Trainee: 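Structure below; questions to follow.
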Amino acid sequence: MDYRTGQPIVTQTAHRTDNRYGNRPTMKDVAARAGVGLKTVSRVVNGEPGVTPDTERRVREAIDALGFRRNDSARVLRKGRTASIGLILEDLADPFYGPLSRAVEEVARAHGALLINGSSAEDPDREQELALALCARRVDGLVVIPAGDDHRYLEPEIKAGVATVFVDRPAGQIDADVVLSDNLGGARDGVAHLIAHGHRRIGFIGDMPRIHTAAERLRGYRTAMEDAGVPVEEGWMSLGATDPQRVRRAAEAMLSGPSPVTAIFTGNNRVTVTVVRVLAEHDRPVALVGFDDIELADLLQPGVTVVAQDAARLGRTAAERLFRQLDGTLVLPERIELPTRLITRGSGELPPAG
């Protein structure tokens, strides 16, 4: 406001001459700048033959000058593919899923596809919402680590051509490709290792019993104990949420009383980390074998013996399976089970105390 005249002050600004917030340049703009026809630009952009080196150079210079980017949406309409796939994980923060996600991304990149991922947070409703949202965005395929046990909601999408592979856990109530680790065999081997080192009172602390991997690892624990003729007391088994408070209570209960366990087998990496902390506070050595490797496991004293999965191989196998579906080279769904590996570092080799 100009207080002398009582009129508002209008500030003149320089006219913006760049295209920073305007429309994106088109192939017509490139053709005009390079002085060529639209078809010539199309051939250069799509890597097609029939363009002289000098003409291609002029087109590419125009592309760089204008900041032109190919409109893949138009190509999607013509070809019916988006060159993108979706990956639904349980928890993006879980270290186990890092190498798995990276492996899926590398396979997707090798096939010229973009990876879009998200987390279900172990919520079946969120998993379904995320999967259908990705389908609505016309991804070509889905790699799913399922949170739920009913995947019939995906049947219309699969029939419509969305390639789908489940990994780490099988699909529920539909036939679909699945890539798993040998959860039962790995857990059996880990517990058998403790038995071989003289342990008979062995506790098991695992994840929620409704989760396929947790149930299979519990079966592996039971199988190893039965094979060795070792009876299992009810108080030696605890399944539930993997939050530290719950796991700590379970471990402390097993380690107390007149007949405490001398060894613990943990059902996943998050449980293992909490149990390592509990055992560090304990006044006598307790043997430990964990399912899944954990960071710095080899630097602890003693090092943590684990049953290791190959997360990268899980992701790579699932992604390769997905693109074989898209290529039309697969017909019937298959269940692929990958082996685990026992890595001995010291904690699983401790003898029973006392």
Side-chain angles (χ1 to χ4, degrees), residues 93-96 183 186-209 211 213-214 217-309 340-354:
D94 189 331
F96 172 76
N183 293 284
R188 182 186 59 223
D189 292 346
V191 176
H193 184 73
L194 291 168
I195 294 170
H197 282 80
H199 296 278
R200 294 296 180 269
R201 300 197 305 272
I202 303 172
F204 174 84
I205 305 177
D207 208 335
M208 304 290 287
I211 298 173
T213 50
R217 293 167 195 176
L218 175 62
R219 282 213 302 146
Y221 163 81
R222 285 185 171 278
T223 299
M225 298 291 271
E226 290 170 6
D227 289 347
V230 179
V232 177
E233 295 186 14
E234 196 65 30
W236 294 354
M237 297 175 293
S238 177
L239 279 81
T242 59
D243 67 89
Q245 294 80 9
R246 200 284 300 181
V247 173
R248 174 175 285 275
R249 287 194 300 269
E252 289 174 345
M254 291 179 187
L255 295 168
S256 61
S259 184
V261 298
T262 62
I264 296 177
F265 182 79
T266 51
N268 67 29
N269 54 1
R270 286 165 289 186
V271 176
T272 303
V273 169
T274 299
V275 171
V276 165
R277 291 193 173 106
V278 173
L279 295 184
E281 303 164 2
H282 205 58
D283 59 0
R284 63 181 173 85
V286 176
L288 171 66
V289 175
F291 204 109
D292 292 334
D293 209 351
I294 60 172
E295 191 173 5
L296 305 181
D298 57 328
L299 299 182
L300 296 171
Q301 291 297 327
V304 181
T305 295
V306 298
V307 175
Q309 304 183 74
T340 58
R341 181 167 60 103
L342 181 68
I343 303 175
T344 58
R345 297 192 178 112
S347 70
E349 296 70 62
L350 295 173

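These figures come from a predicted structure and were not determined experimentally. Atoms considered below: every heavy atom in the structure, side chains included; atoms not considered: hydrogens, waters and symmetry mates.
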Trainee: Rounded to the nearest 0.5 Å, what separates atom CD1 in I202 from atom CD1 in I264?
Mentor: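 These two atoms lie 11.0 Å from each other.
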Trainee: Is there a side-chain contact between F291 and T340 (heavy atoms, below 4.5 Å)?
Mentor: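 Result yes, sub-4.5 Å side-chain heavy-atom pair found.
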Trainee: Between atom CD1 of I205 and atom OG1 of T274, what is the distance when rounded to the nearest 0.5 Å?
Mentor: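 I205 CD1 to T274 OG1: 9.0 Å, rounded to 0.5 Å.
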Trainee: Is the Y221 to F204 ring centre distance short of 6.0 Å?
Mentor: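 Under 6.0 Å, so yes.
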Trainee: What's the shortest heavy-atom distance between R188 and A224, and which atoms?
Mentor: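 The pair with the smallest heavy-atom distance is O-CB, 3.6 Å.
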Trainee: Measure the spacing between CG of L279 and CD of E252 and express it to the nearest 0.5 Å.
Mentor: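 These two atoms lie 10.5 Å from each other.
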Trainee: Hey, does the side chain of R217 reach the backbone of N183 with a donor-acceptor pair shorter than 3.5 angstrom?
Mentor: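 Such a contact is absent between R217 side chain and N183 backbone.
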Trainee: Do you know which two heavy atoms are closest between P95 and N269, and how far apart they sit?
Mentor: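 Between these two residues, the closest heavy atoms are CD-ND2, 4.3 Å.
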Trainee: What distance do T272 atom OG1 and F265 atom CZ have between them, rounded to the nearest 0.5 Å?
Mentor: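 These two atoms lie 8.0 Å from each other.
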Trainee: Check whether any side-chain heavy atom of D189 lies under 4.5 Å from a side-chain heavy atom of V307, and answer yes or no.
Mentor: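 A side-chain contact under 4.5 Å is absent here.
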Trainee: After noting the C-alpha distance and the side-chain angles of R222 and V191, does the key distance pass the side chain to side chain contact (heavy atoms under 4.5 Å, CB included) rule?
Mentor: CA-CA 9 Å; R222 285 185 171 278; V191 176; over 6 Å; no
Trainee: Please answer whether the main-chain N or O of H199 pairs with a side-chain N or O of T262 as donor and acceptor at a distance below 3.5 Å.
Mentor: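 Checking the backbone N and O of H199 against the side chain of T262, no donor-acceptor pair under 3.5 Å is found.
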Trainee: If you measure from CG on D207 to CG on L218, what distance do you get to the nearest 0.5 Å?
Mentor: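 Result: 12.0 Å between the selected atoms.
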Trainee: How close do P302 and G346 get, counting heavy atoms only, and between which atoms?
Mentor: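 Shortest heavy-atom separation between P302 and G346 comes out as CB-C, 3.9 Å.
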Trainee: Kindly state each residue pair satisfying side-chain hydrogen bond (donor to acceptor under 3.5 Å, both in side chains) with at least one member in residues 276-288, sequence neighbours excluded.
Mentor: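 Every pair satisfying side-chain hydrogen bond (donor to acceptor under 3.5 Å, both in side chains) with a residue in residues 276-288: R248-E281.
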Trainee: side-chain hydrogen bond (donor to acceptor under 3.5 Å, both in side chains): which pairs involve residues 224-245, sequence neighbours left out?
Mentor: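 The answer is S238-R246.
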Trainee: Report the C-alpha separation of V278 and L255 in whole Å, then their side-chain angles, then the decisive distance to 0.1 Å, and conclude whether the side chain to side chain contact (heavy atoms under 4.5 Å, CB included) test is met.
Mentor: CA-CA 10 Å; V278 173; L255 295 168; 4.0 Å; yes
Trainee: Walk me through it: do R200 and I195 pass the test side chain to side chain contact (heavy atoms under 4.5 Å, CB included)?
Mentor: CA-CA 6 Å; R200 294 296 180 269; I195 294 170; 3.4 Å; yes
Trainee: Would you mind listing every side-chain hydrogen bond (donor to acceptor under 3.5 Å, both in side chains) that reaches into residues 292-306, with sequence neighbours excluded?
Mentor: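 Counting only pairs at least two positions apart or across chains, the side-chain hydrogen bond (donor to acceptor under 3.5 Å, both in side chains) contacts touching residues 292-306 are D292-Q309, D293-R345, T305-E349.
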Trainee: How close do A353 and P285 get, heavy atom to heavy atom, and via which atoms?
Mentor: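 Shortest heavy-atom separation between A353 and P285 comes out as CB-O, 3.7 Å.
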Trainee: Considering all heavy atoms of both residues, which atom of A253 and which atom of S256 are nearest to each other, and what is their separation?
Mentor: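 Scanning both residues completely, I find the closest heavy atoms to be O-OG, 3.1 Å.
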Trainee: What pair of heavy atoms forms the shortest contact from A287 to L194, and how long is it?
Mentor: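 In this case the closest contact between A287 and L194 is CB-CD2, 3.8 Å.
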